[in-house]
Each structure stands twice: as structure tokens, then as C-alpha cells.
Amino acid sequence: MQQAGPQSFDRVLSSMCTRPHPAAREAAERFLATNPGDPDTYRTVAALEREAVAGLGELTGLSEPHGYVASGGTEANLQAVRAARNLADAADPNVVAPESVHFSFQKAAEVLDVELRTVPVDADRRADPDAMAERIGSDTALVVGVAGTTEYGRVDPIPALADLAADAGARLHVDAAWGGFALPFTDHDWHFGHADVDTLTVDPHKFGQAAVPAGGFLASEATTLDALAVETPYLESTSQATLTGTRSGAGVASAAAALEELWPAGYRDAYERAQANAEWVADALADRGFDVVDPVLPLVAADLPASLFDALTERGWRLSRTARGELRLVCMPHVTRETLGAFCRDVDACREAN
Ligand SMILES: Cc1ncc(COP(=O)(O)O)c(C=O)c1O
């Protein structure tokens with residue numbers, strides 16, 4: 001079989017993942033043949049997972065975090081819904097979320113057989129607490145807010161959503177899968193320290209610069225993990241709260257290494273560079289006459305014609321679109337100012353060619 005090399009990140013402007021930090025890559029390779037799903041056998045990686053969870057707790061304002069390194073944001077979000085469903089009194093629990101939630105909540109609702117009520121967002125594309133209040137009822141088990149939306153990088157008003165959840169006797173989950181490694185360096189209120197948050201998703205394999213798969217599921221109370229745990233008769237550990245059984249030790253070790261290497265100064269640096277790049281490319285596209293959605297976090301949306309999008313794709317750029325069809329540029333740590341400069345030159349060249 002011919003050996004294929006991994007794809008270069010040089011022209012990737014569409015991904016929420018990035019090149020792993022060298023220390024994270026090295027740790028992933030070293031722990032490839034370990035399984036944190038069996039923590040009594042694989043004790044070193046189990047200890048690394050405790051370190052990673054402690055690091056994620058520090059990042060999200062939780063001094064005694066409960067949680068684990070999941071396969072990604074999808075699993076973490078599903079587990080948040082599962083915990084809420086398992087802990088709910090209601091016979092027919094529902095989840096209320098802004099329509100900007102990641103599609104993983106659709107999967108969670110389907111797998112767990114709960115109703116997902118999505119609610120239109122406000123003019124700035126953020127969750128609208130008044131509109132959400134109208135859909136929350138006595139059967140609502142979970143209210144969801146997003147801290148760094150997938151399409152526009154918006155941060156929902158988490159404290160207001162926490163109040164809504166508290167009034168309804170529901171739990172609050174924050175999906176900071178992508179935004180969680182950037183938000184500590186902003187003024188947004190988004191984490192356990194800012195509001196009464198029950199569970200939170202924060203993915204090392206996105207802005208955290210760890211290797212895939214490394215998602216993060218955190219809870220403020222041990223009872224959340226208890227609500228997810230099943231007994232594990234053939235393992236020496238007595239129960240398991242994760243969704244998967246055998247898990248990637250590479251992801252866990254990689255997350256621990258990235259956090260050790262980068263928190264907080266390295267992540268601050270990466271965020272500041274990425275944010276400056278996003279603002280630069282937003283201005284560059286606005287100067288060219290496109291409608292641009294300003295980057296609250298390092299993610300820019302701009303209204304480019306489909307023909308231009310296709311021409312840029314032809315030139316090797318890896319791009320993505322919002323549901324409304326806007327170009328969506330994710331300024332991850334691998335995206336440099338030079339890359340964005342080359343991208344803008346190609347925008348000009350493609351327009352001239354037409
Ligand atoms: C806000 C948000 N939540 C969840 C996810 C799902 O994460 P994963 O693809 O790691 O399962 C994403 C993916 O981009 C996301 O942007």
C-alpha cells in the first residue's frame with residue numbers, strides 16, 4: 001500500500017482543529033498503546049487524565065472539577081444531555097437551546113430520546129434569554145448556552161441563562177468546545193466561576209492544540225458523574241462514567257501535555273495572535289466590499305459569492321460555509337498573517353479573473 005502523508009495545514013481555514021503543539025504530538029505518540037478506559041491497568045495514563053482534568057478545571061473556574069477527556073465535543077455534549085435526563089424528575093424531559101447550538105445536540109436528542117427545543121437567536125446571533133424563557137417548562141431538564149458558537153464565534157449570555165435554568169429547576173450546560181481555550185483571555189462571563197453552571201464542554205483538540213481525540217467533559221458536582229456511571233464487573237475499577245469504553249490514551253496524554261506546556265501564557269499568546277489575525281482579515285474583506293460579521297472570537301464570516309468561494313477552493317484553500325452560505329474563516333493557531341495575506345491576494349486574483 002502506498003503511504004499517504006497527512007494533509008498540510010497551510011491552506012486550511014475551515015477547521016476547528018489545528019496542528020498539535022510538539023509536546024502534545026510527542027505525548028500522543030508515546031501513549032498510543034494505552035487505554036484510560038481501564039484505569040487500574042493503565043495507571044500512568046489514568047494519572048495524566050487526572051492532571052488534564054485539573055488543568056481544564058483551572059481554565060474554567062472550577063477548583064474541584066469532575067470529568068474526563070472525551071472523544072470530542074460531541075461526546076461531551078451528549079453526556080451533558082444524558083446526565084440531565086438521568087437526573088430529571090420529569091417523565092418526558094426536554095432540552096432548550098439556542099438555534100446556534102452545534103449539531104451534536106441533535107444527535108444527543110435522538111440517541112437519548114429527549115426533545116430538543118431550539119430557539120431563534122437575537123440580532124447579534126446570541127441566545128435570546130426572553131425567547132428561551134418562553135420555551136422552558138416544568139419538563140425542561142437542561143438549558144444550553146454556547147460560549148463560542150461554531151458558525152459565528154458568539155458567546156451566549158451565560159449568567160442570564162443560568163438564572164433561567166435555576167428558575168425552572170433545570171440544569172445548565174455550557175458548550176465551550178471551541179471557545180474554551182480563548183475565552184480565559186477575554187472579558188466574557190462564560191464558565192463555572194461566572195454563573196451556576198452544571199456541566200461544560202471544552203475541547204483540548206480544538207484551540208487547546210492537543211492531538212485528536214481529546215474532548216473535555218466537566219461537571220461541578222460528583223453526582224453528575226454518578227448519574228452517568230455504570231458498573232464494570234470485569235475491570236478492577238468498579239464503575240465507568242464515560243460513553244466509550246476503551247479510549248485513546250494518546251488523546252489524554254496529549255491533552256495533559258498541551259495544558260502543561262501552554263496554560264496560561266502559551267494559550268494567551270495563541271489567542272491574541274489569532275484574534276488579531278481575525279480582525280485583520282475581517283478588515284481586509286470589508287475593505288474589498290464584502291459584508292463581514294465582526295469576529296468576537298477568532299472566527300470571521302463574510303458574504304462572498306458562491307463562484308468566488310468555488311474559485312478559491314480550486315486554488316487549494318480549504319474553506320467552509322455557514323448555514324446561510326457565508327464564507328467562514330476559523331483563525332486557528334496554524335493560520336498565520338502570511339497565510340491570510342496570501343488568501344486575500346487570491347481573492348483579488350480570482351475576482352480579476354472573472
Ligand atoms: C461549539 C461546538 N460544540 C461541539 C462541537 C463538536 O465537537 P467534535 O467535532 O469534537 O465532536 C463543535 C465542533 O466544531 C463545536 O464547534
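Both ligands and their constituent atoms are indexed starting at 1 by order of listing. When a residue number appears, it is its place in the shown sequence, counting from 1. Being a predicted model, the structure only gives us computed values, none of them experimental.
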Anything under 3.5 Å between a donor and an acceptor, one on a side chain of residues 178-190, the other on a protein residue two or more places apart or in another chain? List them.
unit_1	atom_1	unit_2	atom_2	d
Thr186	OG1	Leu183	O	2.8
Thr186	OG1	His188	N	3.3

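- Within 6.0 Å of CG on Asp348 lie more than 12 heavy atoms contributed by other residues, nucleotides or ligands.
- When the shell of 6.0 Å around CZ of Arg25 is examined, it contains 12 or fewer heavy atoms from other residues, nucleotides or ligands.
- Residues forming a side-chain hydrogen bond (donor to acceptor under 3.5 Å, both in side chains) with Gln275 (at least two apart in sequence, or on another chain): Glu279.
- Counted by atom type alone, Tyr68 and Glu75 present one or more donor-acceptor pairs between their side chains at under 3.5 Å.
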Show the short N or O contacts, below 3.5 Å, that ligand 1 makes with protein N or O atoms; if there are none, say 'none'.
unit_1	atom_1	unit_2	atom_2	d
ligand 1	3 (N)	Asp175	OD1	3.2
ligand 1	3 (N)	Asp175	OD2	2.6
ligand 1	7 (O)	Gly73	N	3.4
ligand 1	7 (O)	Lys206	NZ	2.8
ligand 1	10 (O)	Gly73	N	3.0
ligand 1	10 (O)	His205	NE2	2.9
ligand 1	10 (O)	Lys206	NZ	2.8
ligand 1	11 (O)	Gly73	N	3.3
ligand 1	11 (O)	Thr74	N	2.8
ligand 1	11 (O)	Thr74	OG1	2.6
ligand 1	16 (O)	Thr150	OG1	2.8

Compile the donor-acceptor pairs under 3.5 Å between side chains in residues 308-316 and protein atoms, sequence neighbours left out, one pair per line.
unit_1	atom_1	unit_2	atom_2	d
Thr313	OG1	Phe309	O	2.9
Arg315	NH1	Asp346	OD1	3.2

